[in-house]
Structures are given as C-alpha cells and as structure tokens.
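Here is the structure we will look at, set down as structure tokens.
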Amino acid sequence: MENPFGKVKTLEKVLEVFYNGMTLMFGGFGGVGSPPTLIDGILEKGIRDITLIGNDTGFPHIGIGKLVSQGRAIKVIASHIGSNPIAGKLMHEGRLEVEFSPQGILAERIRAGGVGLPAILSDIGMENELVSRNKPHFLLNGKDYLIETALTAEVSIVYAKKADPYGNLIYDKSARNTNPLVAMAGDITIAEVEEIVPLGSLDPNEIITPGVFVDHIIPSKGVNWKWAWE
Amino acid sequence: MENPFGKVKTLEKVLEVFYNGMTLMFGGFGGVGSPPTLIDGILEKGIRDITLIGNDTGFPHIGIGKLVSQGRAIKVIASHIGSNPIAGKLMHEGRLEVEFSPQGILAERIRAGGVGLPAILSDIGMENELVSRNKPHFLLNGKDYLIETALTAEVSIVYAKKADPYGNLIYDKSARNTNPLVAMAGDITIAEVEEIVPLGSLDPNEIITPGVFVDHIIPSKGVNWKWAWE
Amino acid sequence: MGLGVDFRNTIAKRAAEEIHNGMVVNLGIGIPSLVPNHLPKNMMVMFHAENGITGMGPSPEKGMEDENLCNAGGFPVTLNPGGSYCDSTVAFGMIRRGRVDITILGSLQVSAQGDLANWIVPGKKVPGMGGAMELAQKARKVIVLMNHCDKAGNPKIVTSCTLPLTSAACVDMIITELAVFKVTPDGLLLTELFAPYDLQIVANRTECDFMVSDTIRKIAN
Amino acid sequence: MGLGVDFRNTIAKRAAEEIHNGMVVNLGIGIPSLVPNHLPKNMMVMFHAENGITGMGPSPEKGMEDENLCNAGGFPVTLNPGGSYCDSTVAFGMIRRGRVDITILGSLQVSAQGDLANWIVPGKKVPGMGGAMELAQKARKVIVLMNHCDKAGNPKIVTSCTLPLTSAACVDMIITELAVFKVTPDGLLLTELFAPYDLQIVANRTECDFMVSDTIRKIAN
C-alpha cells in the first residue's frame, strides 16, 4: 500500500502506544462512531487503569462500554453514563471515578485541548454542584462564569469513513459527532478507518480532519457489536 | 425560485438590515472570501460609523478595504491592517480606532461568539502591550493567561460558493478562511453565494455551515475588484 | 381519555401547535418524540440532535437502518432534504447561540417559577446530565410535556422542586393531559384545559397555586 | 557571493536541510519563500498557511491563478495531493497544538536569548501582528532567515532587541549569509560558516557575543 508518510500501520503495531495507567480519549456518541477494532485490540492487550475521556460510556457491549464493563478504566470524564448500567454500578462501588461535564461543554473542552487553548468560560450548569464543584469562577462584565479547562489525552482514538495516507479524514453522517474534536486533542492520534484511499483522491474541500492531526491509520474490521436497536 | 424558508432575498431587501453605527462582522482574508456584492451595497447605501470585525482590512480597493478607505468605519477589530495603507493613515489621524488581536485568537474570539461562549483563555502575546492592554488575567494551575472575550456582531456577512434555500453553505478552497466562524457569530447572518442550488442537492456530509446559522441568502454578482497580483 | 398512547398524543398534538415553518426544534425522548406525527405534512421544520444532525427525519423502516445515522439516544433516524451533519461543538453552538427555537422535553418536576428537574430519576444512580442543561438554559423556548402526576399520584407541578434541578427558571410552557400552563414572571398561568377536565381537578392535582387566564381555551379530545 | 538572489538562495538552501519528510512547515514572506526550491523533488512536505491551507504547492503559471486559492499574503498558490482546506481556527489550532514542525521567518532583529522582533518595521505605522505571534510562540521549531546586517550596516543579531518583540525566547536557529547559529540556554552558538567568511567577520558584524562550536561546518557557495 502507498504509504509515503509512514502513517498507515497494522493494528499490532499501533497497539504499542497503549499502556497501563494511560489517558485515552475516544470518539463516538452512544457507541456510534467509536472505533471497534482499536477497542478490541486494547481489550485483548489487557490494558488497564485507563482514564477515559469521551462523550459517554456507550452500552455495556457497545463502543467504549466494552472497556468500562470489563473494569479497565479507573476514571471517566463524560457527559453521561446512563446507557451503561455497569459504569453506574462501578461508580457506586467506588471502583470507577466519574467526572461529569455538560455535553456541549465537554465537547468544547476537548476542542480547546485540540486547538491548544488552556480553557474556556461557560455559564452552563453553574448552580449545579456536579458541574461547578472545584471549578474556578471568573467575573466578566459583572456576570459570573466557570472556567472550564481544556482536555487532552496521551492517545486519542477515532473512527472515520475514509482516510488518505496522510491521515486526512472524512466521516460518515452522524458518526462524525465528537470524532473531529477528539482527533485534535490527542498527543498521539490514531484513526481507524473503513477505507484507505490514495493520496489526492479526497476532495480537499470535504476533508473534515486534516491529516496534520493524525499520527497513525489502521484499517477497520468493522463494527462487531449488536446495536441496542437491533 | 424555490424558497420554502423565505431566506432567499434580493440585495435591495437585505440592505434594510444595515444602519449607521452598526457592528458588522465580515468573512475573508486579504479580501479573498469577502462578499463583493454586499460590500458594494453597503457602500452605495451610504452606511457609516460602522464598527468592523474581521481578519484584516483588505487592500484599499479590495474586500472590506473599500468601506475602510471611504471612511465608513469608526472602529476596526482585526489582526492586521498592513495591506491597506489608508487604514493606517486614518488610524494615525485619529479617525479610525483599531483594536488588534493575534490572528488565531481573533478567529477563536469570533468562533466563541458564534457558539455562545463568553470568552476563552489564551497565552498568545501576553507580554505585548498591544495584545494585553485592558484585558483581565487569570491564573490557572500556576500559569498566567489572558481572558480573551467573545466577539459577536449585529450583522455578519459571508461569501460562499453554494447555498441551498435553507442556507446550508459550502465554501471554495481558501476562500473558506474565517467565513464559517463569522457565519455563526452574527445576530443576523447574510450569505452572499455564487450559486443557489435546490434543497437536498448538497451532500449533507460536505456542508460546512449549517443553514441554522444563516438568515438571508443573496446571489453574488461576483468579485469586481482587481486583485493585487493581477 | 385515560392513560396510554391517547393522552400522550393529545399532549404531543398540542405541542405541535407551537411549531412554525422554518423552526429549529430539539425533541427529548418519550412524549416529545410523538410531536412530529402531528405536524402538517408540508411544514418545513428542522429537527436538531445534539450529536450533530440538523434536519432529522423519521425512523427508517425496519431493515433500512444505517448504523451511522442515529439520534442522540443512539436509535436510527433518517435525514430530510436540507439536513446536514456537524460535530458536537457546532450542534451545541446552535443551542448556546440561540439558534434552536424550541426544545420539547419530558420532566420529573417543574416548579411555579419554571425550574426544571428532569435529569435524576428518583432511586436511580446519577447518570450524568448529557445535553439537558444546555438545552434547558439556552433553547429560545422550553416546553415541558409530561403526565400531570407521577405514577404514585403525586403532583409534578410543584411550588419548589424537591429533585435536583437541571436548570432554574428555564421552562416557558407546560403541557399535561389536563391543561396547558404558561410560565410568567408572576408564576404559572393556566391557559387551556383538555376535555373533560375542569379547573377543580387541575387544582387538586397541582401542588402550587396558579393563575387562570381570562379566556380559557377548551380542547376536545 | 554578494547581495541579491544568490545569497538569499544560499540561506534558503541551508534552511531546506532542516526539513524532513512528512513535516508540516509554515513559511514567511521574503527569503523563506525560496526554501521549497531547495527541497528534494520526492520529499513529502506539507506547507501550512494561516488562512486555512495544508499542503500548499507552488505558484500557478500566469493565467492559471484561482482567486479562491491564495496564501496568507493574498497571492495565488496551488494545492499538492494530500492537501486540504480548513477554517482559520483549525489552521491556528495546528500551530498552538504543536503540529506545525517548523516555521521559517524573516526578522528585523534577533537577540542572543532568541527574542524575535519581526513585526514592526522601523519608521512605519503599526500594521498589527497578524499570525506572527502564534507562529513564533507555538511552532515546534522557529528558524529565522535574514541578512546579517540591515541596509545601514547595523547588526541584526543583538544583545537585546531595540524593536518591539513579536515573542520572547522563541527562536531556535538563525541563518544569515555569513553563518548559522543555534540558540541555546547559554546564548548563541555558531555552528556553521558560509565561504568565504571567517569568525572575525561574523564577530565584527554581530552585536552580541556568541559561542563557537568545536566543529564548525564550512559551507561552500
């Protein structure tokens, strides 16, 4: 395969970047747009004590939920865990620390990390203990705001429809969701893609994530879980 | 013309939203991607005392530079005015107030306004008087940052390649630049477009600015200035 | 009229009246999801989903589902002409910028001041707030559709919410199987009654006081 | 070697050695714009422009210009395979996130500590900083290409900049027509000399002290 940037890798090779105790950010929303092959690879490699950052904890057997259900995470930063009861159970048993962030603010915190900004100001959920706990406030033009800090991760994993060998990515429909944000926020970003196409074959106007942000590309084996609606 | 949302307008009709003393945000970078027909319309209508917000002041006879050169602005918030010597002259004569913002931070301030965030934190140009003057500081994790406030405008004008009747926009090559950000930041946003295509004919994956952010659409008469390189 | 789909559709049908051509509307799960069924066929409404869809259409036929085209709850949907996809920051940018005209939500409790408590189910674990806070705080109009009382018969329209708030003073309108209320600076104003209920029944099943409109619209079922 | 295109190309050629396959590189105007001419033909380098281009290619032939495909200076360019367009926030996101490997800039002055003063031309009006501050502060490596002295013969490598700073302590390497310096925590280190110059000439034309590498590379013209 054409690989002039050396970014196209095997699953085995990219699994070398994962380690116990790491911070891992993942794309996806309710499992839609989460990278199945990478998640299975991380599971099979036995990686544990992970701090996970992403929209939600999927379903018990869907998306990142697989890692959570098997007790591989010690902490999750997410907007909700309601669709994965095992996450709730682990949290209440004190085996999983959960930091909740309002969904749109979580997305902005990830984006801020991705574009190298340290924080944003927000007025969402200010009166809510769960949101405002331990967060600094700032008075701007007489109005009180929370300082919501940027999020980055040692490794980000995303799922895309197509990549070229530079790692330029396009996404499919609502499977885009948090993926373009997560792709920018990783110190190392790995894209799992349905198809790798030749350099120059993607319309440069349609590329959503420039390959600049992508370090490794692997071909996907496709979604291997049964969706909740199936 | 198919117009189920009533967003497609004549130039004459949209010129009703402009008034003396208004805040006007414009897309474009060195004139590339600035809307020529709207700019000429504003000129011809005699609108003055405008506060302009955008990347730069174009060239004297290119882009937003036309308005600046004719003394229609009382204030500009931009990252540079170097390509328009008339802007510099007016500034030094005290006839044009100029607030400079580092280019990427300016873009983020416009985006913050566009997505309803009040401000961002930044460490760009902290030691520079021109950047940090009058801006609040915030100490986060022992490091000092500037609070850079969001920018919005009463009206935003952008230039796009295609729109459908809902105002979904796609841009052409580097004429995208600040347009998608400016499109979100206007209380009212007007898109001048090269082509209006039927609803459903744009690939929903390729749309850059969702029509949600666009209030009015007018067909462009095309660029009518001579570029610096011509 | 009793429990079941009928009164749910009565509520949804009334909510549909609030929607006009060209609006951007976000629907919660439960009764709100029935609202599109009650809109005129030729009305152009852009349904918004937090995961990055504008112009969401109805569920696909069985067997026609696309695993990459799902709503914020993870269930398959379709896309209407003029729809588009965006990332989650842009989807929430629409909400915070005031470009979402209406959000129609279910709720556990609503107070006389329009406080909304809809994100922690009593007796269940804390699931996280998802996008509920942004929608409640920033949508231009917040409409709550819910049963007038909970399963135990306790009023859900209360003087002060006992459940944790999603957001304070954010609700604009409440529609139940009994009545329609507007939230005003002075408290709740009953404007409509569903047949066969009367003011006394509504008062009995509502914890807080409410004002009554000079002209009450009575809606037949 | 004298003034004019020759020494400009000598400087650009040396700068090109710093670029490796796969790098993301932002070039300023002036001498930096000559750098691509000195790269191996098959090397894959992604040139970055602040207005939202990755993978910028050379200027088009006369008559083939596209008014919607211009660099940050407003002049027509082309796009190489693998290139893409983005909005300005993403273009600067690449810079601030540390994804731009090298920025190659001109300068008016550079100090022994690597302070950069390249945005206010003496005697001219303040034009604004454009994207210079972000590039100087956040690109992974900042290389300055400039004449060793200004037109009046004054050293541009100085103990302390007298012109307003673009950014403090940001320059990693200086390449002039006389020599190459690395900026170290202890000050400047001369590592290379262009023929026919010698250390004495460089010292005479440099305001600040500098260290000299144990092994000086001498580059022929």
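Numbered from 1 within each chain, the chains take letters A, B, ... in sequence-line order. Computation of the quantities below employed the complete heavy-atom set of this structure, encompassing side-chain atoms and omitting hydrogens, waters and symmetry-equivalent molecules.
- Closest non-hydrogen pair, B:Pro102 versus D:Met133, comes out as CG-SD, 4.3 Å.
- By number of non-hydrogen pairs under 4.5 angstrom with chain D, the leading residue of B:Ala228, B:Gly33, B:Ser83, B:Gly125 is B:Gly125.
- With a 4.5 Å cut-off on non-hydrogen atoms, B:Asp172 touches chain D through its backbone and its side chain both.
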Given side-chain contact (heavy atoms from CB on, under 4.5 Å), test D:Glu67 with B:Val32 step by step and report yes or no. CA-CA 7 Å; D:Glu67 64 180 5; B:Val32 177; over 6 Å; no
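- Taking the side chain as every heavy atom from C-beta outward, B:Glu127 and D:Leu165 never approach each other to under 4.5 Å.
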Going through the distances and angles, do B:Phe29 and D:Cys70 end up as a side-chain contact (heavy atoms from CB on, under 4.5 Å)? CA-CA 9 Å; B:Phe29 199 113; D:Cys70 292; over 6 Å; no
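- Residue with the most contacts toward chain B among D:Asn68, D:Leu79, D:Asn71: D:Asn68 (heavy-atom pairs, distance under 4.5 Å).
- Heavy atoms of B:Ile105 lying under 4.5 Å from chain D belong to its backbone as well as its side chain.
- If you measure heavy-atom distances from D:Lys62 to chain B, you find no contacts under 4.5 Å at all.
- Neither the backbone nor the side chain of B:Thr57 comes within contact range of chain D, judged by heavy atoms closer than 4.5 Å.
- When the candidates B:Gly82, B:Pro85, B:Gly30 are compared by the number of heavy-atom contacts under 4.5 Å with chain D, B:Gly82 comes out ahead.
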Stepwise side-chain contact (heavy atoms from CB on, under 4.5 Å) test for D:Lys138 and B:Ile124: CA-CA 9 Å; D:Lys138 300 294 183 180; B:Ile124 302 297; 3.8 Å; yes
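- Of all the listed residues (D:Ala168, D:Pro76, D:Gly73, D:Gly74), the one sharing the greatest number of non-hydrogen pairs under 4.5 Å with chain B is D:Pro76.
- Heavy-atom pairs under 4.5 Å with chain D were tallied for B:Ser174, B:Pro180, B:Gly31; the largest tally goes to B:Ser174.
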Report the C-alpha distance between B:Leu130 and D:Trp119 in whole Å, list the side-chain angles of each, state the deciding distance to 0.1 Å, and finish with yes or no for side-chain contact (heavy atoms from CB on, under 4.5 Å). CA-CA 12 Å; B:Leu130 210 62; D:Trp119 71 292; 3.4 Å; yes
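- Contacts of B:Glu194 with chain D are made by side-chain atoms alone, with heavy-atom separations under 4.5 Å and no backbone atom involved.
- B:Gln103 places no side-chain N or O within 3.5 Å of a backbone atom of D:Gly130 that could act as its donor or acceptor partner.
- Contact residues of residues 35-53 of chain D toward chain B are D:Glu50, D:Asn51, D:Ile53 (heavy-atom distance under 4.5 Å).
- One distance of note links OG of D:Ser84 with NZ of B:Lys173; it measures 14.0 Å at 0.5 Å rounding.
- Ranked by heavy-atom pairs under 4.5 Å with chain D, the first of B:Leu106, B:Asp56, B:Val223 is B:Val223.
- In this structure, chain B has no heavy atom under 4.5 Å from any part of D:Ala132.
- Put simply, the side chain of D:Gln137 gets close to the backbone of B:Asp123: a donor and an acceptor are under 3.5 Å apart.
- Of the listed residues (B:Ser122, B:Ser101, B:Ala87), the greatest number of heavy-atom pairs within a distance under 4.5 Å of chain D belongs to B:Ser101.
- Around atom CD of B:Glu230, more than 12 heavy atoms belonging to other residues, nucleotides or ligands sit under 6.0 Å away.
- For B:Leu43, the CG atom sits in a packed shell: over 12 heavy atoms of surrounding residues, nucleotides or ligands are nearer than 6.0 Å.
- Contacts with chain B (heavy atom to heavy atom, under 4.5 Å) involve no residue of residues 153-160 of chain D.
- Across D:Pro164, D:Ser167, D:Ala72, the residue that shares the most heavy-atom pairs under 4.5 angstrom with chain B is D:Ala72.
- Proximity to chain B among residues 85-101 of chain D is limited to D:Tyr85, D:Cys86, D:Asp87, D:Ser88, D:Thr89, D:Phe92, D:Arg96, judged by heavy-atom separations below 4.5 angstrom.
- Within a 6.0 Å sphere centred on NZ of D:Lys151, heavy atoms belonging to other residues, nucleotides or ligands number 12 at most.
- The candidate with the highest count of non-hydrogen atom pairs below 4.5 Å against chain D, out of B:Tyr171, B:Phe100, B:Tyr159, B:Phe59, is B:Phe100.
- Scanning residues 180-191 of chain D against chain B with a 4.5 Å non-hydrogen threshold yields no residues.
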